[in-house]
Amino acid sequence: MDRPVVTRIAPSPTGMMHIGTARTALFNWLYARGRDGRFLLRIEDTDVARSTPEATQAILDGLTWLGLDWDGEAVSQAGQAARHAEVAQAMLNAGRAYRCFSTQDEIEAFREAARAEGRSTLFQSPWRDVPTDDHPDAPSVIRLKAPRDGATVIADAVQGDVTIRNDHLDDMVLLRSDGTPTYMLAVVVDDHDMDITHVIRGDDHLNNAARQIQIYDAMGWDEPVWAHIPLIHGADGKKLSKRHGATGVTEFAEMGFPAAAMRNYLARLGWSHGDDEFFTDAEARDWFDLGGIGKAPARLDLKKLENLSGQHIAAMEPEAVAVATEDWLARTGGVPIDGDALRRAVPVAQAGARTLPQLLEKAHFALVARPIRIEEKAAKALDTVSRGILSELTPHLQTASWTRDALEGVVGDVAQAHGLGLGKIAAPLRAALAGRTATPSVFDMMLVLGRDETLARLADVVESDPS
Ligand code: GLU
């Protein structure tokens with residue numbers, strides 16, 4: 001019987017959360033969630049010198065913002081050190097590992113000699129076959145007794161079979177002389193103990209897989225399914241780095257992309273389902289599989305992300321847009337806004353906004369309180385004649401029913417009476433209602449603002465001293 005799917009994201013907490021880590025997390029999450037499986041989080045904090053609590057927090061925040069919920073508590077790898085040592089001991093007892101007493105100097109001398117003789121510089125410990133009784137009372141590491149002949153094959157769901165000759169792999173250290181586990185041992189023990197069935201991760205770990213397979217073999221444990229995904233590159237095809245601009249998850253959150261759009265975009269970064277570009281979480285969960293992961297590195301394309309983001313903002317429930325916008329404001333330290341006014345404006349501001357700050361710009365007219373500030377450029381539309389027309393419009397608006405059709409009729413009639421096109425009357429109206437030149441349509445704004453507020457804003461302008 002197939003085991004239930006269990007995937008994981010295992011980031012090292014040594015800095016900001018990289019967009020590549022977010023994508024790996026998303027792939028693992030989609031794979032598990034689409035198969036009634038579990039998605040686990042393990043913080044690989046064994047490197048005490050480089051791991052920081054801030055970086056762990058950044059991972060938790062990044063995953064939470066992206067909406068990638070993990071099952072159970074996050075596991076701290078450092079917390080499992082005793083178990084790692086126990087497994088190293090088990091391999092020792094089973095004769096699959098050995099104590100090595102070679103000092104750093106001796107290892108260096110071995111390499112020097114090998115180099116001079118043109119042999120492989122991979123260290124071959126003289127202690128590999130020395131019986132325990134002949135061991136000195138000295139510090140030692142535990143090394144894996146790795147096979148010297150043959151090859152290790154990584155049956156990779158993305159890369160195909162990758163074969164590594166065993167004489168290219170040395171007897172790796174499992175436990176250091178101070179009793180701490182190496183990364184290679186810790187990953188295997190944790191993945192085994194957490195019942196991980198699928199290891200989906202960046203292909204910078206492909207070579208590690210060969211070594212990890214040797215540990216699985218030594219313990220007689222089942223290997224997980226391996227899927228090593230090509231790394232993300234920048235638009236120029238080079239490995240993604242700071243040079244390319246934003247590389248941290250938080251930076252994308254701060255740019256104001258909704259998490260749903262980010263999930264959609266990241267899913268497409270290295271994985272495809274036919275020609276589908278825009279899709280929902282439910283579709284992604286249904287469709288995601290390892291066969292759809294490409295072998296070539298995907299390129300980060302901000303324009304594409306903006307485009308998808310616009311489609312998501314337009315398609316999202318207005319309440320979800322409002323919540324995402326408020327979260328964005330809180331995250332970026334923006335001034336608090338009137339949530340009710342935002343909610344009234346979202347339906348007319350959704351279309352055409354590619355980011356949440358762009359949406360806020362469109363909703364600006366609803367968020368400002370009277371008397372609104374009229375920007376210089378907009379004020380140009382409020383000459384004496386135009387204000388006269390607005391004044392004339394006022395009584396009609398007082399009695400019109402507050403529907404789009406009726407408002408269009410009233411404004412159209414007044415424009416016609418002056419022999420003006422609708423545009424000519426829309427400009428002063430826009431200036432009076434929003435104080436700006438770029439806004440949603442005047443009818444959208446009137447409908448959102450309501451009759452009283454609309455008339456009050458017109459009166460503010462009509463009654464003001466033009467000088
Ligand atoms: N801790 C590793 C990293 O952050 C990931 C290890 C793994 O996924 O096996 O790159």
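Remember, it's 1-based here, ligands and their atoms both numbered in the order they're listed.
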For each nitrogen or oxygen atom of ligand 1, which protein N/O atoms lie closer than 3.5 Å, and how far apart are they, rounded to 0.1 Å?
{"residue": "ligand 1", "atom": "1 (N)", "partner": "A10", "partner atom": "O", "Å": "2.8"}
{"residue": "ligand 1", "atom": "1 (N)", "partner": "S12", "partner atom": "OG", "Å": "2.9"}
{"residue": "ligand 1", "atom": "1 (N)", "partner": "E44", "partner atom": "OE1", "Å": "2.6"}
{"residue": "ligand 1", "atom": "4 (O)", "partner": "S12", "partner atom": "N", "Å": "3.2"}
{"residue": "ligand 1", "atom": "4 (O)", "partner": "S12", "partner atom": "OG", "Å": "3.3"}
{"residue": "ligand 1", "atom": "8 (O)", "partner": "R8", "partner atom": "NH1", "Å": "2.6"}
{"residue": "ligand 1", "atom": "9 (O)", "partner": "R8", "partner atom": "NH1", "Å": "3.4"}
{"residue": "ligand 1", "atom": "9 (O)", "partner": "R8", "partner atom": "NH2", "Å": "2.9"}
{"residue": "ligand 1", "atom": "9 (O)", "partner": "R201", "partner atom": "NH1", "Å": "2.7"}
{"residue": "ligand 1", "atom": "10 (O)", "partner": "H205", "partner atom": "NE2", "Å": "2.9"}

*Between L144 and M91, is any pair of side-chain heavy atoms under 4.5 Å apart?*
yes

*Report the C-alpha distance between W271 and F27 in whole Å, list the side-chain angles of each, state the deciding distance to 0.1 Å, and finish with yes or no for ring-ring contact (aromatic ring centres under 6.0 Å, His included).*
CA-CA 9 Å; W271 171 81; F27 281 18; 7.3 Å; no

*Would you say the ring centroid of H273 lies under 6.0 angstrom from that of F279?*
no

*For T121, does its backbone N or O pair with a side-chain atom of R111 as donor and acceptor, under 3.5 Å?*
yes

*Output the distance between atom CD1 (I196) and atom CG (L40), rounded to the nearest 0.5 Å.*
4.5 Å

Could you go through residues 12-19 and list every donor-acceptor pair under 3.5 Å that involves a side-chain atom there, pairing it with any protein atom two or more places apart or in another chain?
{"residue": "H18", "atom": "ND1", "partner": "G20", "partner atom": "N", "Å": "2.8"}

